[in-house]
Amino acid sequence: GMMFLFITLAHWMSGMGGKMSECGVRKLTGLHCPGCGGTRCAKSILNLRWADAMGYNSMLMTGFLVFIAGSAYLIIRMTLLGKPAPKLPNIRPCWIGFVIGAIIIFTILRNIPAYPFTLLAP
């Protein structure tokens, strides 16, 4: 639902002449936050420009691809195989720490001004 809302918002904003405000974190610190390029990434996903989307925010695009793969798995499991949807497991704290750590590492790497890390900046 959140992905749908995000993509719908990006589509709505593109109809407003494409004028979007600059990231507040970027304005204050001069650094790219983990969400920088996210709106342009969502617009590229809407327009089926996968390479552009990956260039704007590779973490968001990777999350989108994982979401699509998981959704496809559930659809196949429930419709073609006739199995019930799996129960949602309790999320262990180590997975939450892993995701937070990945976001922190992504943010640090995308702010290093040297090749190949500049490829992570939007």
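The chain is numbered in sequence order, starting from 1. The structure displayed is predicted, hence computed values, not measured ones.
A donor-acceptor contact shorter than 3.5 Å links the side chain of Arg110 to the backbone of Cys33.
Clustering of Ile, Leu, Val, Met, Phe, Trp and Tyr by side-chain heavy atoms under 4.5 Å joins Ile76 with Leu80.
For Leu48, the side-chain contact (heavy atoms from CB on, under 4.5 Å) test picks out Trp50, with sequence neighbours left out.
Taking hydrophobic clusters as Ile, Leu, Val, Met, Phe, Trp and Tyr residues chained together by side-chain heavy-atom distances below 4.5 Å, Val99 shares a cluster with Leu109. The hydrophobic cluster containing Val66 does not contain Met61, counting ILVMFWY residues as joined when their side-chain heavy atoms lie under 4.5 angstrom apart, directly or transitively.
Taken to the nearest 0.5 Å, the OG1 atom of Thr107 stands 7.0 Å off from the CE atom of Met59. Between atom CD1 of residue Ile103 and atom CZ of residue Phe98 there is a gap of 10.5 Å, rounded to the nearest 0.5 Å. Rounding to the nearest 0.5 Å places OG1 of Thr79 at 10.0 Å from CG of Leu74. Here the CG atom belonging to Leu60 is positioned 12.0 Å from the SG atom belonging to Cys36, to the nearest 0.5 angstrom.
A heavy-atom distance below 4.5 Å is not found between the side chains of Pro122 and Asn57. Side-chain contact between Thr62 and Met54: present, with at least one pair of heavy atoms (C-beta onward) separated by less than 4.5 Å.
The stretch residues 65-74 participates, sequence neighbours left out, in these side-chain hydrogen bond (donor to acceptor under 3.5 Å, both in side chains) pairs: Tyr73-Arg77. Judged as a salt bridge (charged side-chain N to carboxylate O under 4.0 Å, His left out), not a single pair has a partner in residues 94-105 (not counting sequence neighbours). Among pairs with a residue in residues 47-63, those fulfilling salt bridge (charged side-chain N to carboxylate O under 4.0 Å, His left out) read Arg49-Asp52, at least two apart in sequence or across chains. For the ring-ring contact (aromatic ring centres under 6.0 Å, His included) condition, no pair includes a residue of residues 101-122, sequence neighbours left out.
Across Ala85 and Met78, no two heavy atoms sit closer than the pair CB-SD, 3.5 Å. Residues Asn111 and His32 share a closest heavy-atom pair of OD1-N, 2.6 Å. Contact detail for Ala53 and Ile45: the closest heavy-atom pair is CB-CG1, 3.9 Å.
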